[in-house]
Asker: 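Quick one: this structure, given as structure tokens, is what I'll be asking you about.
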Amino acid sequence: MTKFRKLGRPTGHRMSMLRTMVSQLVKHERIETTVAKAKEIRRLADNMVQLGKEGSQCAARRAASFVRGDDVIHKLFTELAYRYKDRAGGYTRLLRTRIRVGDAAPMAYIEFIDRENELRQAKPPIPQPPQRAPLDPWTRSRLSRQFAPPKEEKSGSDL
């Protein structure tokens, strides 16, 4: 795994907390936590959905080694994989909510997008521009000469 935020915890506690929170996010599809934890959960949850979309036995074993619960693995490989089959990434959304009273920590909701009861609707996909036919080199050079400013002639007296 790559570099994580430390979150003020030893490695074992931190990884156990992140595994539990990713499992709860998959199970409930929305949780509230601090912003720093939500940013780490977003990275890991997107990786788990990517494994679910892959759908191979190897991907199932890798996901099972991280998330907790057979119902969570089943949901990853059936419901979430089907929901996001056409999406290339960005399966979660982070919405900042409030400042926690006890320690003034910024809180946020993290939720999966494209589901019922969303806090904010997903943006529609941006249509791709139509593909242009490639130009041959001679046409390209004529077009560049057409739009380029005329070259100035250097005279011997300017030197």
Side-chain angles (χ1 to χ4, degrees), residues 1-137 139-140 143:
M1 293 201 178
T2 60
K3 189 130 172 100
F4 288 109
R5 289 175 173 84
K6 300 291 174 83
L7 301 173
R9 288 167 171 80
T11 305
H13 184 195
R14 179 176 60 246
M15 290 309 294
S16 176
M17 178 191 65
L18 290 174
R19 289 176 61 190
T20 302
M21 292 182 93
V22 169
S23 301
Q24 292 300 311
L25 175 65
V26 171
K27 188 174 184 177
H28 301 291
E29 298 197 8
R30 180 193 309 150
I31 57 174
E32 185 180 23
T33 183
T34 61
V35 173
K37 289 178 193 169
K39 287 179 180 179
E40 287 302 311
I41 293 167
R42 177 175 52 186
R43 291 173 54 192
L44 296 169
D46 284 356
N47 286 341
M48 291 299 116
V49 173
Q50 198 67 34
L51 288 175
K53 284 173 59 176
E54 194 175 315
S56 66
Q57 183 71 28
C58 178
R61 287 183 176 149
R62 287 177 56 198
S65 72
F66 190 80
V67 296
R68 300 170 191 253
D70 294 336
D71 55 340
V72 174
I73 295 169
H74 180 72
K75 187 172 184 177
L76 268 175
F77 281 81
T78 55
E79 184 181 335
L80 295 179
Y82 179 74
R83 186 188 305 171
Y84 300 122
K85 67 178 183 276
D86 296 329
R87 184 176 285 272
Y91 311 111
T92 54
R93 172 186 301 127
L94 192 104
L95 297 168
R96 295 171 187 260
T97 56
R98 62 188 174 96
I99 302 294
R100 191 161 56 192
V101 175
D103 59 353
M107 301 295 286
Y109 278 118
I110 180 167
E111 67 175 0
F112 283 111
I113 58 175
D114 296 337
R115 66 180 193 93
E116 298 86 27
N117 302 323
E118 283 186 297
L119 294 176
R120 180 182 297 165
Q121 293 298 319
K123 295 177 183 174
I126 299 171
Q128 294 294 326
Q131 293 291 330
R132 296 189 318 180
L135 298 174
D136 61 335
T139 308
R140 188 180 311 136
L143 285 175

Asker: Of all heavy-atom pairs between Leu25 and Ala45, which one has the smallest distance, and what is that distance?
Answerer: CD2-CB, 3.7 Å
Asker: If you draw a 6.0 Å radius around CZ in Arg9, do more than 12 non-hydrogen atoms from other residues or ligands fall strictly inside?
Answerer: yes
Asker: With a 4.5 Å heavy-atom cut-off, do Ile113 and Thr92 have their side chains touching?
Answerer: no
Asker: May I ask you to decide if Arg87's main-chain N or O and Lys53's side chain share a donor-acceptor pair within less than 3.5 Å?
Answerer: yes
Asker: Calculate, to the nearest 0.5 Å, the distance between atoms CG and NE2 belonging to Leu80 and His74 respectively.
Answerer: 10.5 Å
Asker: Give the minimum heavy-atom separation between Leu94 and Ala38, together with the two atoms involved.
Answerer: CD1-CB, 3.0 Å
Asker: Does a sphere of radius 6.0 Å around CG in Asp103 hold more than 12 heavy atoms from other residues, nucleotides or ligands, not counting ones at 6.0 Å or beyond?
Answerer: yes
Asker: Please find the pair of heavy atoms, one from Ala81 and one from Gly52, that lie closest to each other, and give the distance.
Answerer: CB-O, 3.3 Å
Asker: Is the closest basic N to carboxylate O distance between Glu54 and Arg62 below 4.0 Å?
Answerer: no
Asker: Yes or no on side-chain hydrogen bond (donor to acceptor under 3.5 Å, both in side chains) for Gln50 and Tyr84, after CA distance, side-chain angles and deciding distance?
Answerer: CA-CA 9 Å; Gln50 198 67 34; Tyr84 300 122; over 6 Å; no
Asker: Quick one: CD1 on Ile73 to CZ on Arg68, what's the gap to the nearest 0.5 Å?
Answerer: 11.5 Å
Asker: Taking all non-hydrogen atoms of both residues into account, name the closest pair between Arg19 and Val67 and its distance.
Answerer: NH2-O, 4.5 Å
Asker: Is any side-chain N of the basic residue among Arg43 and Glu40 closer than 4.0 Å to the acidic one's carboxylate O?
Answerer: yes
Asker: Looking only at non-hydrogen atoms, find the nearest pair between Ala63 and Leu51 and report the distance.
Answerer: N-CD1, 3.9 Å
Asker: Could you check if a side-chain atom of Phe112 sits within less than 4.5 angstrom of a side-chain atom of Val26, using non-hydrogen atoms only?
Answerer: yes
Asker: If I take atom OG1 from residue Thr34 and atom CZ from residue Arg100, how far apart are they, to the nearest 0.5 angstrom?
Answerer: 6.5 Å
Asker: So that I can tick it off, tell me whether Lys75 and Glu29 are bridged by a salt bridge, with the cut-off set at under 4.0 angstrom between side-chain N and carboxylate O.
Answerer: yes
Asker: Please answer whether the main-chain N or O of Met107 pairs with a side-chain N or O of Arg98 as donor and acceptor at a distance below 3.5 Å.
Answerer: no
Asker: Write down the atom of Ala59, the atom of Gly55, and the distance for their closest heavy-atom approach.
Answerer: CB-N, 4.4 Å
Asker: So, Ser16 side chain and Gly12 main chain: donor-acceptor pair closer than 3.5 Å or not?
Answerer: no
Asker: For a 4.5 angstrom cut-off between non-hydrogen side-chain atoms, does Arg93 reach Tyr109?
Answerer: no
Asker: Side chains of Met48 and Val72: closer than 4.5 Å at any heavy-atom pair?
Answerer: no
Asker: Would you say the side chain of Ile110 lies within less than 4.5 Å of the side chain of Met21, judging by non-hydrogen atoms?
Answerer: no
Asker: Measure the CD-OG1 distance between Gln24 and Thr33 for me, rounded to the nearest 0.5 Å.
Answerer: 12.0 Å
